[in-house]
Every structure is written in structure tokens, then in C-alpha cells.
Chemist: 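First the structure, then my questions, so here it is.
Quick note on labels: first sequence line is chain A, next is B, and so on, each numbered from 1. Bear in mind the structure is a predicted one, so any value in this text is a computation, not a measurement.
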Protein chains: 2
Amino acid sequence: MGRLPAYLRALLDADADGDATVSSEHLAQRTGANPATVRRDLASLGITGTRGVGYDVKYVVFRINSELGLSSEWPVIIVGVGNLGRALSNYRGLSSRGFPVKALIDIDRSLVGLEISGLTVRHLDELSDVVDEVGAAAAIIAVPPDSAQAVADALVAAGIRSILDFTASSLDLPAHIAVRPVDLATELQILSFYQQRGSAVGDGHGMPLEHA
Amino acid sequence: MGRLPAYLRALLDADADGDATVSSEHLAQRTGANPATVRRDLASLGITGTRGVGYDVKYVVFRINSELGLSSEWPVIIVGVGNLGRALSNYRGLSSRGFPVKALIDIDRSLVGLEISGLTVRHLDELSDVVDEVGAAAAIIAVPPDSAQAVADALVAAGIRSILDFTASSLDLPAHIAVRPVDLATELQILSFYQQRGSAVGDGHGMPLEHA
DNA sequence: TTCTGTGAAATAGTTCACAGCG
DNA sequence: CGCTGTGAACTATTTCACAGAA
């Protein structure tokens, strides 16, 4: 959409002014668009704001930048080659959207060396080397819950700074590490709530986050 | 709403720490919400605290549990017995938290009849029967994206009202159906945003956050 | 004092109607 | 005609700010 560059300029101005959030009204005034149009444009990119607050300036800048083609690839590694890890290793939705799975790691030496989805399973001891080799910045943890903390510590030591965690454990990590839990039971709890209420439900793609 | 499970977790932690009461401020910090939002959420459930003191931990846990329907089991079925479906079928995190997987469905007749994780794969044509047999209220869609809509329609026709969708497709469904997409690429995108900015991220399990 | 409960304000998300265009 | 984009209007949600109970 041709309005994106205009939004981007307005957002960069707001950022320079130190504004953390902007309203659709604010963006509309700076770009000559209608506030409703701004909201719809952002919504069409999957960008969501907070009612009563507005849009997160830095986040929207980031999203528009990637939308304008500056999207680079983000290699990802998967730790844990059990059922789930294998399933994720050839999950199309990842590579097709700029997150190619570049390595598989396990602690079980009987799995090391196996060829899965075109990748050779490597041992956890080699983690640092693997991370450097593939230039991974993010990792997916798909191990049993009791190993989760140890794996997470190893990942951090190896230089990984973003973690997608399937173990439903509350990981204790340094503040500069970004973690997103993927917790199906919690998702189902939310669904059960809505079902009991018969009311509609959100898209679930919440935004940003909080502390660590 | 989606914040209830996050509150619940924070409350269980507080309970484990021996706290008899919590303030809305405390809950807010642990879940990334605003204190006023916490108070309004609880008030909307008819939960009332004590001014100057806070909320009774055990009472709120009890109330949220019943609100989420966690007192009883919620049978779940999985549609799509590919890698992902198989992985999820013995995912401990589901049954251990009240969401036992009670049936596996596929459209591929060569898979029908197979025994996986102690369940016999059934054909999509039998969906209505299966749903009735196991008393399922929720379903997980783990099929290729192009079949997602058709499967969702079949689920709705069979009486399912809550859907967890792994296909990253935007499903078109009646308003009374609750859907939660599980979209790893979007999760990674959010992580990459935080990593780029070096700022910290939330513990997750929670929802949205500070001003988004 | 501390901390809940809530009215008021801000602002996103959604729906409706219409205009322009194939 | 039907589709697409847009503005206006409406609804829902979040946060602020403050009154007032314990």
C-alpha cells in the first residue's frame, strides 16, 4: 500500500520526539489519511494497537520496514529431536516466512548423526559451534520439561538471545533474553473460557511483551 | 478473557510462596497487565477484594478455575495425523492439564485404522460420530493449510465450538466458534523485534502487554 | 496509608453505507 | 451488477485519576 512510507516517516518523527505510542488520529493528521484508514491499513499488516493507548511506535516501524522488503532471513535452530522437534523441523510455515530451520540439536547421542528433514542432528555439546556456523539468533526448545532450564542456559551461553519455548516451564533467564512460551494448555483454557461464555474471541496474535 | 490463565498462574505462584493475599499491582506486574485492568477483569467476574489489603489468593484461584471450567476434563480431538498431529497426540502438557486427547482424525484412508499413541485413527467422514463418542468440545487442526477451511467447516458441522489452529490460515467461521491460531512465524517475528532492540520480553504465558 | 472500585477519557476495532470502477 | 476502498458512526477496551473503605 502506497501509504506505508508516509506512515513510516511520521512514525520516525514521533520516535525522534520520544513518543512511545501514537494514535491513529495522530498518524492520520501527519499523513493526510483518515484515522479509520490508518487503523485498517495497520490491521491488514497484522499490526494491532491498544485501545485507549495507541500503537507502539518502534514496533510499527519495525513491521513496516520488514513489509517494505527489508525482510532478511532469520536462521533458527531446534533443540530436541523428539516427535515435536521433528514435526517442527519440516514445518513449512517457518522457512516460508523467513525463519529457516538450520540445525537440529539433541542430547541423546543415539540420535546424533541422524539425517532428519535434510539436516544432520548435532549434539548439545556442539551448540556454540552450531550457532556460529548457521548464524542462528533464535532457538526453539522442544525437549521434556525437566531439561528445559538446562537447555535454555546452554542456549544463552551459546549466544542465542531469542527463545520459543514449548515446554510450558517458567524459565529463569537473563533479562536481555526474549522468550515466548507456546503453551497449548493455556490456549485451550482460554478457548474453554470463551466457549462457556459463548462470546467471540480474539485473534490471539497479541503484541509485545513485558519484563522477564 | 485471555488474561485469566495468566492471572491463575501468578496466583498459584503466590500461593506456593505462602501469600494469602495479592494486590492488583502484584498481579499486574506478573502478567504484564495494568493494575486497573486487573481490577476490572476480576470485578467483571464478580470477584471482589478488600481495600487496603488486596485479593484472597485461594478464593480467586477457585473462582478462576471454575470460570475456566477447569474442574472437569475437556476432551480434545486432533485432526491431521501428520508429523505435527502425531507429536501433539502424546504431548504430555495437554492431558496433564485437563485436556486429554481422545481421538485422532485424518482424511487419508491409508492412515485410518492405524494405532497411534493408543488411539485408532478415524476418518474425517466419521467426525460427528467421533465427537459425540468422546464428548469433545475442542479440536486441534494440524493439517496442510489448504485443507484447513474444509476441516474447520466439518468440525463446526460436527458440533465443535473451540478450535486451536496450527495452519496459519485465516479461517472463516461463524461468530460463536472460538478460534486460537498458533502461529510460530508470528511468534518468531515478535522475538526478532525484541532482539533487534535489545529490550526484554515477557514471561509469556501472559498476554499482551504494557502499552503495545 | 494502602489498595480496591469505578467514572471519565482516550483510542482501537468493527460495521455500514456509498462511491467508483470493471 | 459485484467488488474494492474509504469515511462516518458505533462499540469495546484500556488507562487514568480519585474517592473511599479497611
Side-chain angles (χ1 to χ4, degrees), chain A residues 1-4 6-7 10-11 14 19-57 59-60 63-64 190 193-194 197-210, chain B residues 1-4 6-7 10-11 14 19-57 59-60 63-64 170-179 181 202 206-212:
Chain A
M1 172 49 42
R3 286 180 293 263
L4 286 190
Y7 296 154
L11 286 160
D19 298 339
T21 62
V22 285
S23 66
S24 57
E25 173 66 37
H26 178 101
L27 280 182
Q29 280 176 0
R30 309 299 161 100
T31 61
N34 181 285
T37 301
V38 172
R39 297 198 289 272
R40 250 195 303 262
D41 284 344
L42 296 182
S44 77
L45 299 180
I47 296 170
T48 165
T50 304
R51 297 181 190 202
V53 178
Y55 295 90
D56 183 278
V57 173
Y59 182 69
V60 180
R63 289 298 308 276
I64 292 185
I190 294 170
F193 173 77
Y194 282 111
R197 291 313 199 69
S199 86
V201 90
D203 78 350
H205 286 167
M207 277 308 80
L209 287 307
E210 62 219 75
Chain B
M1 91 205 10
R3 282 180 296 259
L4 289 188
Y7 296 153
L11 287 160
D19 299 338
T21 61
V22 285
S23 67
S24 58
E25 174 66 37
H26 178 98
L27 279 181
Q29 278 176 0
R30 299 296 209 282
T31 61
N34 179 287
T37 303
V38 172
R39 296 198 289 274
R40 234 183 257 284
D41 283 345
L42 297 182
S44 80
L45 299 179
I47 296 170
T48 168
T50 306
R51 297 182 188 214
V53 178
Y55 296 89
D56 183 276
V57 172
Y59 176 68
V60 182
R63 289 298 310 278
I64 292 185
S170 30
L171 299 175
D172 186 21
L173 293 171
H176 68 281
I177 304 295
V179 182
M207 285 301 80
L209 287 302
E210 39 185 46
H211 64 49

Chemist: Which is the 5'-most and which the 3'-most nucleotide of DNA chain C that has an atom under 4.0 Å from a heavy atom of chain A?
Modeler: C/dA10 to C/dT15
Chemist: Figure out the CG/C1' separation between A/D41 and D/dG7, and round it to whole Å.
Modeler: 13 Å
Chemist: Just verifying a value: how many Å separate B/D19 CG and B/D56 CG, rounded to the nearest 0.5 Å?
Modeler: 11.5 Å
Chemist: Which part of the nucleic acid, if any, lies within reach of B/A43 when heavy atoms closer than 4.0 Å are counted: base, sugar-phosphate only, or nothing?
Modeler: nothing
Chemist: Classify A/V22 by what it touches in the nucleic acid, base, sugar-phosphate, or nothing, heavy-atom distance under 4.0 Å.
Modeler: sugar-phosphate
Chemist: Considering residues at least two apart in sequence or located in another chain, which fulfil the side chain to side chain contact (heavy atoms under 4.5 Å, CB included) criterion with B/S24?
Modeler: B/P35, B/V38, B/R39, B/Y55
Chemist: Atom CZ of B/R40 to atom P of D/dC16: distance rounded to whole Å?
Modeler: 12 Å
Chemist: Tell me, please, which residues at least two apart from B/D41 pass side-chain hydrogen bond (donor to acceptor under 3.5 Å, both in side chains).
Modeler: B/R3, B/Y7
Chemist: Would you indicate whether the side-chain heavy atoms of B/L45 and B/L4 approach each other to under 4.5 Å?
Modeler: yes
Chemist: Restricting to non-hydrogen atoms, name the atom on B/N34 and the atom on B/A28 that form the minimum distance, rounded to 0.1 Å.
Modeler: C-CB, 3.8 Å
Chemist: Enumerate all atom pairs, one protein N or O and one N or O from nucleotides 18-20 of chain D, separated by less than 3.5 Å.
Modeler:
{"unit_1": "D/dG20", "atom_1": "N3", "unit_2": "B/R51", "atom_2": "NH1", "d": "3.4"}

Chemist: Apply side chain to side chain contact (heavy atoms under 4.5 Å, CB included) to A/A10 and list each qualifying residue two or more places apart in sequence or on a separate chain.
Modeler: A/L27, A/R30, A/T31
Chemist: Check whether any side-chain nitrogen or oxygen of B/R3 sits under 4.0 Å from OP1 or OP2 of D/dT14, and answer yes or no.
Modeler: yes
Chemist: What residues form a side chain to side chain contact (heavy atoms under 4.5 Å, CB included) with B/S23, not counting sequence neighbours?
Modeler: B/E25, B/H26
Chemist: Hey, could you give me the OH/CG distance between B/Y59 and B/L11, rounded to the nearest 0.5 Å?
Modeler: 13.0 Å
